[in-house]
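So that the names make sense, note that chain A is the first sequence line, chain B the second, and so on, each numbered from 1. Predicted model only: the values in this text are computed from it and were never measured.
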Amino acid sequence: MTDYGSMEAKWQARWQEAGLDKAERIDGKPKFMIIFAYPGVTGYLHVGHLRGYTYVDAIGRYKRMTGYNVLFPVGTHATGNGGISLATKIARRDEKTIDYLLRNGCPEDKIPELEKPMSVIEFFNDVYVNEYWKRFGFLADWRRFTCTLYPDYGKFIQWQFHKLKDAGLLIQKPYYAPFCPNCGPVAVDPSETDISKGGRAETQEYTLLKFRHGDEFLVAATLRPETVYGQVCFWVNPEVEYRRIRKDGETWIVSPQAAEKLTLQKDGIEEVGTIPGSEMIGWMCEAPMIHREIPVFPASFCNPDVGTGLVTSVPSDAPDDWISLEAVKKDPSLKEKYGLTQELIDSVVPISIIDIKGYGDFPAKDMIERLGITAPGDPKLVEAKKQVYKDGYHMGRMKDVCGEFAGMRVDEAKDKMRQAMIDAGEAEPFHDLSEEVVCRCGARVHIRRIDDQWFINYGDADLTERTKAHAKEMDLNPPEFSENVQGILDWFRERACVRLGNWLGTRFPFDEKWIIEAISDSTLYPIYYTISLYANDHRIEPEQMTLEFFDYVVLGKGDISGVSKSTGVSEELLDRIRKDVLYWYPLDINLGGKEHMTVHFPAFLFNHMAILPDEMQPRGITVNWYVTGKNSDKISKSKGGAQPIPGAAAKFGVDAMRLYYAHVASMFVDVEWSEETVLTYRQRVDRVFGAVTELISRESDAPAGEIDAWLLSRFNRHLAEIRTAMERYDLRQMCTTVYFDMLNDIRWYTRRGGSCRATIDAALRIWIQAMMPVTPHTAEELWESAGFDGLVSAGQLPEPDRSVISAASEHGEDMIRDVMSDITEIRKIAGIEAKRVVLYTSPEWKREVMRRAAAMRESGELSVPALTKACMTDEAIKRNGKAASELAKKVAIDFSRSESGAWEPVYSTDEFALLDGAKGFLSDEIGLEVDVLSADAEDVYDPQKKARAAAPGRPAILLE
RNA sequence: GCCAGGGUAGCCGAGCCUGGUCAAAGGCGAGGGACUCAAGAUCCCUUACCGCAGGGUUUCAAGGGUUCGAAUCCCUUCCCUGGCACCA
């Protein structure tokens with residue numbers, strides 16, 4: 001295996017020596033600032049992540065070689081519980097975790113150090129920078145690296161929150177969060193850092209429905225308030241000892257567990273007694289909204305742990321209800337046991353309330369039959385419920401029985417009906433976890449109301465309008481994101497921005513018990529890269545980074561001498577930082593994966609708009625899609641199947657991988673990772689490398705000829721194409737030109753016998769420079785062996801020389817290729833064992849027809865009759881009779897469809913000279929003797945009368 | 001369901017905005033050939049169908065429409081993908 005690593009390391013060291021990675025303000029020089037949305041520190045990354053990062057480096061390199069001073073900083077986002085989670089697992093030597101670390105190349109002796117969260121973060125910061133980004137040859141300004149857990153970064157975030165507060169965008173309102181009675185707030189997430197069970201639980205929003213019975217209420221909890229019109233009875237678990245509680249002067253009956261949960265969410269709850277479930281069977285209670293009396297029946301599926309342990313029954317749409325009602329009707333023992341009358345039981349019949357495509361009047365019944373469920377307690381009921389709920393919510397429509405809600409879509413009716421009942425005092429909101437969650441301390445975790453939760457008010461109308469207006473001006477890629485983002489910005493509402501508990505992050509400046517949560521501290525940060533430089537080398541210390549400091553350097557507010565005095569930062573340094581900020585900002589491109597479209601990018605836009613002046617608003621966002629595993633999953637970090645990045649880099653070489661990312665597909669589609677595909681790019685790099693190496697060493701003392709003019713024309717045209725593509729950041733198009741088209745041109749040049757040193761050198765300069773953005777190591781290696789000076793990475797891409805771009809020259813070679821393929825085709829079709837081929841070039845009169853057509857096209861008078869008429873005034877043309885008028889017709893149509901001047905090379909090329917000059921080449925290529933004759937020549941040899949078919953651009957061919 | 005984006009030759013994928021020069025780029029795969037003792041690499045040719053002269057025929061999810069002309073514009077239908085929130 002070739003040792004790509006040492007070649008790559010060599011050039012990376014040279015770039016560093018040359019200081020190419022460092023970005024410094026150069027007043028007056030155009031700047032370009034680009035970032036990728038920094039990754040969360042969650043462990044080892046996989047090959048998929050490098051896709052977006054590679055785009056950023058390639059774009060940065062391209063900008064650098066086209067006259068820009070480029071700032072490409074990197075950082076990491078470590079806010080959250082990822083670090084804690086990993087450290088905890090490492091501390092208790094969790095087998096899977098240790099295995100995961102070792103498999104990804106973590107040195108064994110490093111592991112004991114990783115028991116502290118911050119050590120984990122620092123460890124991975126180092127991995128990301130050194131094993132991923134530097135390894136891939138990125139020219140990022142490493143000096144500016146920052147991490148969300150650094151104290152100086154925290155100062156910046158606290159300042160940002162002061163600004164949000166000043167702008168009136170921080171609001172407080174109640175919020176419902178998981179809470180342990182002993183440990184306080186806990187994080188419920190799949191990593192299960194804080195908890196020992198229930199990491200997949202979700203917070204669900206129930207509606208408590210109050211059913212009047214005498215002067216008390218049976219309280220049911222439902223996720224489907226829109227089904228109240230279908231209520232026909234009420235379920236109570238006869239085995240459960242229910243509680244009576246006082247709430248706002250009312251008496252409620254709920255399960256004991258529900259009573260406990262309610263105290264966490266409602267004020268003034270007081271237990272006043274108990275009542276066995278069995279006692280309630282046979283009661284009549286008044287259902288909310290419909291105000292009908294419905295009977296209470298026994299049901300074993302009422303789990304006191306879920307909701308309130310009491311359930312309103314809507315058999316039409318709830319499979320559990322349907323099957324249980326059937327069971328009640330069939331079970332005679334219930335009548336005796338609970339004294340229910342047959343009449344009462346018979347009076348309970350399902351009511352059809354929702355019309356769902358693909359279902360009959362009673363969706364629950366349909367689903368039960370479809371799944372073959374026959375009795376209550378069947379485990380398939382869970383699935384049945386989920387499916388009916390989902391279909392009902394998305395596709396259902398309320399039927400006529402639903403009063404004022406008739407005809408509404410379910411997803412709309414749900415909120416409306418819930419609100420109507422809450423307004424009428426018949427219902428209340430309630431939150432519960434979808435499954436049992438147990439804290440590490442062993443206590444049960446419940447949802448608790450938090451009254452003073454802070455939110456950022458992204459729903460603010462003025463902010464939204466201004467942000468939307470700015471987004472319209474931005475360069476957003478893919479273009480459809482421009483359209484979508486308008487909707488996303490509208491849809492963004494208040495967002496909880498702080499949280500309690502065991503999380504890493506910055507303290508909320510207005511109340512230290514809160515930690516600023518993960519999305520909210522990563523929205524304005526790109527601007528901090530202009531400042532982190534000075535914090536990292538300790539020219540400023542975190543304690544100096546006061547509100548006045550940021551106000552001055554970011555916003556230009558305050559008086560420099562005052563700020564200098566209060567912070568202890570010299571006026572000179574303050575001035576310098578301020579100028580840096582003004583120079584580098586706004587951000588030109590923020591590139592991130594598609595997951596950011598509805599989360600990070602809108603928040604990024606809002607925060608910039610809320611805090612920074614117009615001239616500092618971001619200019620562009622580029623969204624990249626993923627590299628996926630099989631079955632188009634994201635390559636999962638946790639699944640472990642993905643290849644560690646350093647291993648892949650060693651195996652394929654960094655440049656091959658970079659080219660793979662840049663070219664394998666449009667930025668805006670997912671790509672399935674396949675080593676085989678990467679290998680074809682490895683091969684592609686090798687082929688280009690080989691072709692260049694061969695050109696460098698080729699004997700090349702021939703004088704410049706036609707083919708040299710052709711190559712220079714092609715390469716300068718490509719240069720222009722590359723620039724056009726890169727205007728749109730279309731790396732893929734650019735790579736097609738550089739690694740495919742240009743290689744093909746070189747092959748043709750070689751095949752045509754090109755070997756002029758000056759041409760080759762000129763072509764190589766263009767070509768190698770054009771390779772630099774995507775395959776920089778290969779480019780350097782080639783640049784050096786070609787004997788060119790300096791580093792390509794430090795050079796400037798030449799402007800295309802339009803004076804050497806020649807349509808005529810390119811047309812000539814196209815013609816030769818066409819002639820070759822025509823000959824091949826004729827030989828194949830005709831099955832002739834030919835010894836000789838005769839080419840007849842077009843007669844002069846046909847050229848004249850085209851000249852006339854071109855002139856008429858120019859002056860706008862071209863039409864079939866006009867051209868025919870004009871041609872007939874020319875004796876030399878007219879003489880050809882019908883052939884002349886037919887040609888005039890065809891030419892008139894062809895020319896009028898084309899751009900003016902497009903056909904010029906066709907009629908003005910000296911075809912005889914061209915083909916005669918290529919005779920030797922053609923003869924070698926096709927293995928036949930080749931003669932070139934002019935169709936105009938006197939007594940031309942033409943035994944098969946082929947010559948008359950000759951036309952400009954299309955010589956007649958005779959095989960014999 | 002709502003919003004958005006798609007369905008192109010064996011596969012991947014350009015073209016579609018700005019209709020004609022589109023049987024439709026390029027790559028991969030496949031077949032043939034050159035080079036070679038041989039393999040690999042490299043290079044050349046072919047790869048919808050028909051055709052003993054460079055041509056013809058039928059194609060760009062399906063159906064309909066606009067137009068002298070449609071892969072490209074419009075309408076309908078079918079199918080696929082993503083997002084639908086407090087989760088980074």
Side-chain angles (χ1 to χ4, degrees), chain A residues 37 39-42 77 79-80 82 175 177 188-190 202-203 356-357 390-397 409-412 453 455-456 458 478-481 483-484 487-488 491-497 499 517-520 522 592-600 602-603 625-626 632 663-666 668-672 674 676-677 679-681 683-684 686-687 690-691 694 732-733 735-737 739-741 744 747 750-751 818-832 834 893-899 902-903 925-927 944 946 949 954-959:
Chain A
V41 183
T42 47
H77 182 258
T79 307
Y175 184 68
V188 174
D189 67 356
E202 290 172 34
T203 303
I356 311 177
K357 197 173 137 195
K390 198 177 147 211
D391 289 343
Y393 183 70
H394 289 314
M395 299 190 284
R397 222 166 246 287
R409 289 202 324 269
V410 168
D411 58 351
E412 185 188 355
Q453 171 73 41
F455 291 81
I456 299 176
Y458 293 119
E480 52 271 24
F481 184 51
E483 197 68 35
N484 298 348
I488 294 167
W491 162 86
F492 235 64
R493 306 195 299 246
E494 302 95 4
R495 197 174 181 105
C497 62
R499 57 174 304 143
E517 64 81 49
I519 294 165
S520 304
S522 56
K594 63 179 177 181
E595 76 276 19
H596 293 307
M597 284 196 286
T598 53
V599 183
H600 165 65
W625 265 237
Y626 301 142
S632 65
H663 187 262
V664 68
S666 143
F668 317 124
V669 295
D670 287 332
V671 173
E672 192 178 289
S674 135
E676 219 173 301
T677 309
L679 279 171
T680 69
Y681 282 99
Q683 212 171 65
R684 178 60 48 178
D686 290 341
R687 261 185 241 183
E694 194 278 327
R732 183 162 200 253
Q733 180 56 53
C735 289
T736 298
T737 303
Y739 300 92
F740 295 86
D741 297 344
N744 282 337
R747 280 183 193 151
T750 303
R751 200 168 159 195
D818 289 347
V819 165
M820 281 169 63
S821 81
D822 281 350
I823 294 170
T824 307
E825 186 169 359
I826 295 167
R827 278 172 106 178
K828 195 178 84 186
I829 301 300
I832 296 172
I893 292 168
D894 285 349
F895 278 41
S896 55
R897 280 177 187 169
S898 308
E899 272 175 48
W903 290 80
E925 287 284 332
I926 60 184
Q944 294 183 37
K946 296 286 182 196
R954 197 130 199 279
I957 296 166
L958 167 67
L959 286 179

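Among the heavy atoms of the strands lying under 4.0 Å from T598(A) are primed sugar atoms or P, OP1, OP2 only; no base atom is included. At a threshold of 4.0 angstrom between heavy atoms, the contacts of P955(A) include nucleobase atoms, whether or not backbone atoms are also involved. Using a 4.0 Å heavy-atom criterion, one finds that L959(A) contacts the bases of the nucleic acid, with or without backbone contacts as well. The residue Q683(A) sits close only to the backbone: its heavy atoms come under 4.0 Å of sugar-phosphate atoms, none of a base.
When the C1' atom of C28(B) is taken as reference, atom OH of Y681(A) falls 9 Å away, rounded to whole Å. Atom CH2 in W625(A) sits about 8 Å away from atom C1' in G5(B), given to the nearest Å. For R827(A) and G51(B), the CZ to P distance is 21 Å, given to the nearest whole Å. A straight line from NZ of K828(A) to P of G54(B) spans 13 Å, rounded to a whole angstrom. The distance between atom CZ of F492(A) and atom P of A85(B), rounded to the nearest whole Å, is 12 Å.
With P as the reference atom, C60(B) and A9(B) are 10 Å apart, rounded to whole Å. Look at the P atom in both U77(B) and A70(B): the space between them is 24 Å, to the nearest Å. Comparing the P positions of C44(B) and G55(B) gives an interatomic distance of 24 Å, to the nearest angstrom. Nucleotides G27(B) and C52(B) have their P atoms positioned 30 Å apart, rounded to a whole Å.
For F895(A), the ring-ring contact (aromatic ring centres under 6.0 Å, His included) partners are W903(A), not counting sequence neighbours.
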- Starting at the 5' end of nucleotides 12-21 of chain B, put B wherever the base has a protein heavy atom under 4.0 Å, S where only the sugar-phosphate does, and a dash everywhere else. -SS-----B-
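In this model, the phosphate group of G27(B) is not approached by any side-chain N or O of R687(A) to a distance below 4.0 Å at OP1 or OP2. Neither OP1 nor OP2 of G1(B) sits under 4.0 Å from any side-chain N or O of R397(A).
Proximity of the aromatic rings of Y739(A) and Y681(A) is defined here by a centroid distance below 6.0 angstrom, and this criterion is not met.
Contact check on R495(A) versus E517(A) returns no salt bridge, with no Lys/Arg side-chain nitrogen under 4.0 Å from an Asp/Glu carboxylate oxygen.
In this structure, E825(A) and I829(A) have side chains that are in contact, with non-hydrogen atoms separated by less than 4.5 Å.
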